[in-house]
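The structure appears below as structure tokens.
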Amino acid sequence: MPTTPATAASSSPNGAAPSIMLELVDEDGSTIGTAEKLSAHQAPGRLHRAFSVFLFDEEGRLLLQRRALGKYHSPGVWSNTCCGHPYPGEAPFTAAARRVSEELGVSPSLMAEAGTVRYNHPDPASGLVEQEYNHLFVGMVQAPLRPDPEEVEETAFVTAAELAERHASAPFSAWFTTVLDAARPAIRELTGATGGW
């Protein structure tokens with residue numbers, strides 16, 4: 001059974017906050033163990049499974065989120081629609097759909113796998129390291145958003161041109177460009193050749 005906050009809490013002694021566990025992987029993406037979330041991100045970082053989601057509206061605009069100011073990692077910066085980590089034993093697709101719902105209050109439509117990308121991105125602001133084997137997903141959002149304010153500071157739908165302008169003037173997550181570039185072929189397939197992606 002996957003270790004979730006709910007299952008971890010039931011086994012936490014003295015009601016202490018549960019540890020969130022991540023799945024450690026090798027360079028081929030095969031599971032080799034688990035690690036506590038924060039420890040996996042402390043320098044030099046431990047390679048672990050992650051996911052990144054890119055959702056678009058019917059006009060072909062990308063949904064961005066600005067991460068909540070209270071987040072321990074990369075607070076207050078813009079990033080892709082949703083990103084996170086599967087629990088050990090949880091399928092990346094399931095984790096991606098779950099976190100979109102938890103963070104943005106909406107279920108993705110037509111979400112499909114868009115490949116994987118492996119990267120090592122230190123975050124100078126926090127000193128943490130994103131050492132990730134990242135599963136990419138692309139899809140649509142077709143319902144009103146209900147963002148969780150503990151996760152999401154604000155959201156924006158942007159065209160490719162608007163993204164370029166925003167990216168030049170506002171802070172973005174360390175991993176954003178890497179995951180966007182890796183997902184571009186699937187994004188173009190979803191949005192069409194005229195979308196500019």
Side-chain angles (χ1 to χ4, degrees), residues 4-5 17-23 35-43 45-46 48-57 61-87 90 92 95-108 111 114 117 119-141 143-160 162-183 187:
T4 68
S19 295
I20 296 176
M21 303 300 289
L22 307 185
E23 199 168 85
E36 191 275 326
K37 183 178 179 180
L38 182 58
S39 71
H41 288 88
Q42 291 172 332
R46 300 178 74 185
H48 57 275
R49 195 175 310 284
F51 62 81
S52 288
V53 180
F54 297 85
L55 297 182
F56 294 80
D57 67 9
R61 299 179 302 169
L62 172 61
L63 173 58
L64 298 177
Q65 71 155 276
R66 188 158 77 92
R67 294 164 63 84
L69 298 176
K71 293 182 82 74
Y72 80 95
H73 192 342
S74 302
V77 302
W78 288 96
S79 199
N80 48 292
T81 306
C82 180
C83 53
H85 310 90
Y87 297 124
E90 183 181 28
R98 171 179 58 79
R99 285 304 288 163
V100 168
S101 177
E102 290 171 354
E103 291 187 11
L104 296 161
V106 66
S107 294
M111 194 169 77
V117 62
Y119 52 78
N120 177 2
H121 285 306
D123 177 30
S126 66
L128 299 175
V129 177
E130 289 289 0
Q131 185 85 250
E132 294 187 332
Y133 188 94
N134 197 305
H135 297 256
L136 307 171
F137 298 95
V138 170
M140 303 279 295
V141 60
L145 302 176
R146 292 176 287 111
D148 178 350
E150 293 190 7
E151 298 285 350
V152 180
E153 189 70 18
E154 62 181 303
T155 60
F157 284 95
V158 296
T159 65
E162 290 166 344
L163 173 61
E165 292 176 11
R166 186 181 295 255
H167 201 211
S169 62
F172 272 72
S173 63
W175 60 88
F176 177 76
T177 299
T178 299
V179 294
L180 175 62
D181 287 347
I187 290 170

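The basis for the numbers below is simple: all heavy atoms, side chains too, and nothing from hydrogens, waters or symmetry mates.
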Can you tell me how far [atom2] of [Y] sits from [atom1] of [X], rounded to the nearest 0.5 angstrom?
{"X": "Thr159", "Y": "Glu165", "atom1": "OG1", "atom2": "CD", "answer": "7.5 Å"}
{"X": "His41", "Y": "Arg46", "atom1": "NE2", "atom2": "CZ", "answer": "12.0 Å"}
{"X": "Leu163", "Y": "Phe157", "atom1": "CG", "atom2": "CZ", "answer": "14.0 Å"}
{"X": "Lys37", "Y": "Tyr87", "atom1": "NZ", "atom2": "OH", "answer": "8.0 Å"}
{"X": "Glu103", "Y": "Arg146", "atom1": "CD", "atom2": "CZ", "answer": "14.0 Å"}
{"X": "Gln65", "Y": "Ser173", "atom1": "CD", "atom2": "OG", "answer": "9.0 Å"}

Exercise. How about Tyr133 and His135: are their ring centres within less than 6.0 Å of each other?
Worked result: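 Here the rings of His135 and Tyr133 have centres that are less than 6.0 Å from each other.
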Problem set entry | Stepwise side-chain contact (heavy atoms from CB on, under 4.5 Å) test for Arg67 and Glu153 | CA-CA 5 Å; Arg67 294 164 63 84; Glu153 189 70 18; over 6 Å; no
Minimum heavy-atom distance [X]-[Y], with the two atoms named:
{"X": "Phe51", "Y": "Cys82", "result": "CE1-SG, 4.2 Å"}
{"X": "Met111", "Y": "Ala96", "result": "CE-CB, 3.9 Å"}
{"X": "Ala40", "Y": "Leu22", "result": "CB-CD1, 4.0 Å"}
{"X": "Ser74", "Y": "Asp123", "result": "OG-OD2, 3.7 Å"}
{"X": "Cys83", "Y": "Ser52", "result": "CB-OG, 3.9 Å"}
{"X": "Ala182", "Y": "Leu136", "result": "CB-CD1, 3.5 Å"}

For this session: Could you give me the CA-CA distance, side-chain angles and deciding distance for Gln42 and Leu128, then say whether side-chain contact (heavy atoms from CB on, under 4.5 Å) is met?
Result: CA-CA 5 Å; Gln42 291 172 332; Leu128 299 175; 4.2 Å; yes
Exercise. Do Pro86 and Glu23 come within less than 4.5 Å of each other through their side chains, counting heavy atoms only?
Worked result: no
Exercise. Can you tell if the side chain of Leu145 reaches within under 4.5 Å of the side chain of Leu63, non-hydrogen atoms only?
Worked result: yes
For this session: Check whether more than 12 heavy atoms from other residues, nucleotides or ligands sit under 6.0 Å from atom CD of Glu150, and answer yes or no.
Result: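 No, not enclosed.
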Do any N or O atoms from the side chain of [X] and from the backbone of [Y] form a donor-acceptor pair under 3.5 angstrom?
{"X": "Arg66", "Y": "Gly76", "result": "yes"}
{"X": "Arg99", "Y": "Gly84", "result": "no"}
{"X": "Thr81", "Y": "Leu55", "result": "yes"}
{"X": "Asn80", "Y": "Val53", "result": "yes"}

Problem set entry | Glu132 side chain to His48 side chain, donor-acceptor N/O pair below 3.5 angstrom | yes
Problem set entry | Contacts of type side-chain contact (heavy atoms from CB on, under 4.5 Å), residue His167, not counting sequence neighbours |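 With sequence neighbours excluded, His167 shows a side-chain contact (heavy atoms from CB on, under 4.5 Å) to Phe172, Phe176, Thr177, given in chain and number order.
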For this session: Kindly indicate, with the supporting measurements, whether the criterion salt bridge (charged side-chain N to carboxylate O under 4.0 Å, His left out) is fulfilled by Glu162 and Arg166.
Result: CA-CA 6 Å; Glu162 290 166 344; Arg166 186 181 295 255; over 6 Å; no
Exercise. Can you list every pair that meets salt bridge (charged side-chain N to carboxylate O under 4.0 Å, His left out) and has a residue in residues 169-183, with sequence neighbours left out?
Worked result: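 Non-adjacent pairs meeting salt bridge (charged side-chain N to carboxylate O under 4.0 Å, His left out): Asp181-Arg184.
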